[in-house]
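Notes to accompany the following structure.
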Amino acid sequence: MFGVTKEGHSVCAHVHGFEPYFYASVPENFGEADCAAFRRRLNEEVSAARKNAPGVHVVDVSLERKQSLMHYSDVKDRLFAKITMGLPNMVSAARGILEKGFSVPGVRDGAFTTYPTFESNIVYALRFMVDCAVVGGNWIEFPVNSYTVRAKKASHCQIEVDIMYDKLISHPAEGEYSKLAPFRILSVDIECAGRKGHFPDAQLDPVIQIATLVTEQGSDKPIIRAVWTLDTCAPIVGADVLSFKDERELLRNWGNFLRGCDPDLLIGYNIVNFDFPYLLERAEKLGVADFPYWGRLIGTKVRMRDTVFSSKAYGTHESKEISCEGRVQFDMLRAIQRDYKLSSYSLNAVSAHFLGEQKEDVHYSAISELQNGTPETRRRLAVYCLKDAYLPQRLLDKLMYMYNYIEMARVTGVPLNYLLTRGQSIKVMSQLLRKARQRNMLIPHHVKQGGGNVQAEGGVAYEGATVLDAKAGYYEMPIATLDFASLYPSIMMAHNLCYSTLVPKDKVGKLNPDDYGTSPSGDTFVKASKVKGILPEILEELLGARKRAKADLKKATDPLQKAVLDGRQLALKVSANSVYGFTGAMVGQLPCLEISSSTTAYGRTMIDHTKKMVEEKYRTVNGYTGNAEVIYGDTDSVMIKFNTPDLAESMKLGEEAAVYVSETFLKPIKLEFEKVYWPYLLISKKRYAGLLWTNTENYDKMDTKGIETVRRDNCLLVRQVIETVLEKILKQRDVQGAVKYVQSTIADLLMNRLDFSQLVITKGFTKEADSYGVKMAHIELAQRMRQRDPATAPVVGDRIAYVIIKAAKNAKAYEKSEDPIFALDNNLPIDTKHYLDHYLTKPLLRIFEPILHNAQSVLLHGEHTRRIAQPTPTAKAGGIMQFAKIRLSCIGCRAPISDEKMSKSLCKNCLNDESQHLRKALASVNNLEGDFNRLWTQCQRCQGSLHQDVLCTSRDCPIFYRRKKVQKDLTEATAQLRRFDW
DNA sequence: ATAGTAGCCTAA
DNA sequence: TAAGTTAGGCTACTAT
């Protein structure tokens, strides 16, 4: 075990005596005497499976009485063999043999027998943690006299001890023990010098800089700010600069620093996929033999291998797994990808989003130039590199990542690094194992069904929630919303749904009807009065703990304590909600569709029941102002129009209805009055917007669900237009203003007055390119980019940004997609009409149609839809414009100039007003120069220096696109100006 | 032209 | 080996 004391000393503890083991179910007549024969036979089989590896693999077989977690049974204990193995990695071999079956002399007359196994798929570290009540990120005490200090150290840690596993004391995260340890956090960023036009390749291109920031958890100032540079570098205030002539020396020196610093956490942005692999590959290439020792164990090299993580919720991500004993690699990119849904995950975009701060984005091709310049240009690069090491630390602090992730580890019991490298299910499994252990229960190893698909092709395994039909429309009366609090957890608790309470179909008859309940999906579970389920118990504890955390949070004054508690309540909520998903995960550790389908089935009856009760009670015949109508509802909510224009009355009725309906449900199921929407625009199922009121004084905010404004796959233009239109309609109640705004925006779009940043669409690259069945705009673009530059082309898991450019008339959208930077550099014209017809029209009509009866004609026909002429490329030719011939046209009236002897600038008619046209051209250049200078300065400010060239080419920055556009316009205007004779 | 559906992303 | 769930709107592609 590795850790840190509260004084900040790193600790390595060699924990001894804990052996890997698992269980197998054995016949009741299996005797003590059979254990020896069983052990011998199993050992033979394991040896054979391990290519006749000699030795004792199966250390011990003993008998214990336990209960299976699966199914309710009146038999309270059954016979299990506890099988102890010599090495952790032997468990899976033994499991395979037992599940396939073998024969043991004396057991069932030596007949071939299969043995179901239990807890045989638990990794050794987690097994240890569960048994010793150790959770990720908690405090462990080594009592006096229980350990010995090592004289000859095997690690780089400051303190190194030996201890027996049963001597250590694990403290629950309460009181003093809820504090976070003063972890040492090392943030890193590297720069490499790629060859011209190529992305850096570790086989060829040197590492030229490594910026490193060391911070102690809880402190807001770094202890160390340093940059290792290849070649000289001018000094940087507040940072140590270590310059090296030789790249090998640079690497060696940084490696020594890493070991000496001995950090607990390694952070950075995309470190696991770029910086770390690059450093390791580079050192290998250069033969720096003493470099790859990053872990805390002396003499243990880091090992690197490719891994793929793939889940429906998190998507597919390829990455490198780097073993580094005793240090957690916490890649901020991974964390943010998991926790936030953003259009772009570049460090720049993420910093802008969370820190409100842009960073300059220096293209990899510009880096070599800086490196090959002077000490000053290398200093420039070093400052940039330091910033990239600093930002991940800032993000870690800003997003309270240490608090949130440590609390998640503590609540669910998994080690910290699981939270970024593993899925949701291991967290539920960890809790299940701990709870089962308390109850003397064993978790069966779920044997995956081989052969055909368990689940219908493209279909689903079981029925989910009800979404009530949406009575679409614009509601000017208040709409009250009732929600079930933690619906699925509360259903599982109320009906005692669990593996251990599920009654097999053929056993139901034996039970007293008072002791069980049958769910609407036809599955039977015993009631809590008979035996309480483990899942309900876990959920109760999670939700109870969350209530306490929230109460403590209210009382807390210390900001650090608040952060811990807020992290905890969040972790508890997320954990409670993922229990249901775990039972329904067909490709998970222990799926139980009886539980998940019963949960959703109860939910379906409940929302129907709620709708019925509300609509039956709240009627004029019962003395209410109006007849209530449920206009919509999804899973756990109902939206009610009480048919009163009065906000206060709606709220009162909402509260009353919540209590009235809640009474008809079992505890702890509770329907709550949450909020009122007023006004409310219901577009369809899962799509609505409204002003949200929780008091009668002021609305809280505009709430938008499912509409384009909250979808990442729309361009900024669409999101902004829809957002503004909704605000004008709902907040300002100014439909005419909304119409005017739409008309002027459409005009701007068609007149090409919008910059690229508003037109960039992003979509996820979700699976390998060749497994796409249909051609898609973003995937086709990714392929084209791969041809241009394989090193920087998007890969699976990335989000791909593109714009739609003009192409031949009937070109498919996937032929018109283009990388915004490429389009900008090559002057490719945007297909503005495509944006209007395909992205803007329908969303606008969906919003306006319930409000404006002639929406179509008002919004989409008329003066503002006239476009400026733009050249359309004739050949497809990858969308690149083919200029046939440039003809001069009059600057004043655009008429072709036939008589070139007259003037290069104006036609005969306009020549009369030459001075006026010249003044106009001059003014235009002046204006554009002013605009350009302002944008340039803004970019300089962002890069932190007003004396240096702007190098930034950030796909995520609107200023960048605007600067580029103005630059282009300026070039054009200057060219026109030159045509005048003056 | 039209119907069916793959793929994306969201609601809950 | 490990990977939370289903419902549903919408766009664009593709076969008919």
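Letters A, B, ... are given to chains in the order of the sequence lines, protein chains preceding strands, and every chain is numbered from 1.
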Check your understanding: For A:E768 and B:dG7, what is the distance between atoms CD and P respectively, to the nearest whole Å?
Key -> 14 Å
Practice item. Name the closest nucleotide to the A:V460 side chain, picking from C:dA12, C:dT6, C:dA3. Key: C:dT6
Review point. Expressed in angstrom and rounded to an integer, what is the separation of A:L342 atom CG from B:dT10 atom C1'?
Key: 15 Å
Exercise for review: Using a cut-off of strictly less than 4.0 Å, decide whether A:S684 has a side-chain nitrogen or oxygen near OP1 or OP2 of C:dG9.
Suggested key: no
Review point. For A:R711 and C:dG8, is the shortest distance between a side-chain N/O and OP1 or OP2 below 4.0 Å?
Key: no
Exercise for review: Report yes if at least one side-chain N or O of A:K705 is closer than 4.0 Å to OP1 or OP2 of B:dA11; otherwise report no.
Suggested key: no
Exercise for review: For a side chain to side chain contact (heavy atoms under 4.5 Å, CB included) with A:Y802, tell me which candidate from A:I761, A:D819, A:L759 qualifies.
Suggested key: A:I761
**Study point:** Any A:R687 side-chain N or O less than 4.0 Å from OP1/OP2 of C:dA7
**Key:** no
Exercise for review: Please determine if a side-chain N or O atom of A:K448 lies less than 4.0 Å away from the OP1 or OP2 oxygen of C:dA2.
Suggested key: no
Check your understanding: Quick one: are the ring centres of A:Y688 and A:Y677 less than 6.0 Å apart?
Key -> yes
Review point. Counting any heavy atom closer than 4.0 Å, what does A:K341 reach on the DNA or RNA strands: base, sugar-phosphate only, or nothing?
Key: sugar-phosphate
Practice item. Using only side-chain N and O atoms of A:Y632, determine if any of them is under 4.0 Å from OP1 or OP2 of C:dG8. Key: no
Review point. How long is the line joining CD1 of A:I607 and P of C:dA7, in whole Å?
Key: 14 Å
Exercise for review: Classify the ring geometry between A:Y839 and A:Y835 as parallel (under 30°), tilted (30 to 60°) or perpendicular (over 60°).
Suggested key: perpendicular
Review point. C:dA3, C:dT5, C:dG8: which one has an atom nearest the side-chain heavy atoms of A:Y580?
Key: C:dT5
Practice item. Indicate the ring-plane relationship of A:F484 and A:F665, choosing parallel, tilted or perpendicular according to the 30° and 60° boundaries. Key: perpendicular
Point to revise | A:H838 vs C:dC10: side-chain N/O to OP1/OP2 distance below 4.0 Å | key: no
**Study point:** Rounded distance (Å) that lies between atom P of C:dT11 and atom CD1 of A:I804
**Key:** 14 Å
**Study point:** Side chain to side chain, A:E321 and A:M304, heavy atoms closer than 4.5 Å
**Key:** no
**Study point:** B:dA12 versus C:dG4 - spacing of their P atoms, nearest Å
**Key:** 23 Å
Review point. How is A:G581 classified with respect to the nucleic acid when contacts are heavy atoms under 4.0 Å: base, sugar-phosphate, or nothing?
Key: base
Review point. When you measure from the side chain of A:Y462, which nucleotide among B:dA12, C:dG4, C:dT5 comes out closest?
Key: C:dT5
Check your understanding: Do the side-chain N or O atoms of A:K767 get closer than 4.0 angstrom to the phosphate oxygens (OP1, OP2) of B:dG7?
Key -> yes
Check your understanding: Distance check: side-chain N/O of A:S425 vs OP1/OP2 of C:dA3, anything under 4.0 Å?
Key -> yes
Exercise for review: May I ask you to say what A:G423 touches in the nucleic acid, namely base, sugar-phosphate or nothing, with a heavy-atom cut-off under 4.0 Å?
Suggested key: sugar-phosphate
Review point. Is A:S310 touching bases, backbone alone, or none of the nucleic acid, heavy atoms closer than 4.0 Å?
Key: sugar-phosphate
Check your understanding: Starting at CG of A:N714 and ending at C1' of B:dC9, how long is that distance when rounded to a whole Å?
Key -> 10 Å
Revision key, fill the gap. A:L682 CG to C:dG8 P, in whole Å, measures 14 Å
Exercise for review: Would you kindly give the CG-to-C1' distance between A:L468 and C:dA7, to the nearest whole Å?
Suggested key: 12 Å
Practice item. Give the C-alpha distance, both sets of side-chain angles, the deciding distance and a yes or no for ring-ring contact (aromatic ring centres under 6.0 Å, His included) between A:F118 and A:F22. Key: CA-CA 6 Å; A:F118 292 74; A:F22 67 102; over 10 Å; no
Check your understanding: Within the structure shown, what part of the strands sits under 4.0 Å from A:R846 by heavy-atom distance: base, sugar-phosphate, or nothing?
Key -> sugar-phosphate
Check your understanding: Which is true for A:H778 with a 4.0 Å heavy-atom rule: it touches a base, it touches only sugar-phosphate, or it touches nothing?
Key -> sugar-phosphate
Review point. Counting side-chain heavy atoms from C-beta on, which of B:dC9, C:dA12, B:dC8 comes nearest to A:Y772?
Key: B:dC8
Check your understanding: A:A313 or A:E708: which one's nearest nucleotide on DNA chain C is closer to the 5' end?
Key -> A:A313
Practice item. Output the single nucleotide from B:dA12, C:dA12, C:dA3 whose closest atom is nearest the side chain of A:Y688. Key: B:dA12
Point to revise | Quiz item: cation-pi between A:R338 and A:F330, 6.0 Å / 45° | key: no
Review point. Reckon A:R712 has a side-chain N or O less than 4.0 Å from the OP1 or OP2 of B:dT10?
Key: yes
Exercise for review: For A:V308 and for A:M776, locate the closest nucleotide of DNA chain C by heavy-atom distance; then report the residue assigned to the nucleotide nearer the 5' terminus.
Suggested key: A:V308
Review point. When we call it a touch if two heavy atoms are under 4.0 Å apart, what does A:T766 touch: a base, just sugar-phosphate, or nothing?
Key: sugar-phosphate
Check your understanding: Touch check for A:Y488, heavy atoms < 4.0 angstrom, all strands: base, sugar-phosphate only, or nothing?
Key -> nothing
Practice item. Would you kindly give the CD-to-P distance between A:E780 and C:dT11, to the nearest whole Å? Key: 21 Å
Review point. Among C:dA2, C:dT11, C:dG8, which is the nearest nucleotide to the side chain of A:V467?
Key: C:dG8
**Study point:** Ring geometry between A:Y772 and A:F765 (parallel below 30°, tilted from 30 to 60°, perpendicular above 60°)
**Key:** tilted
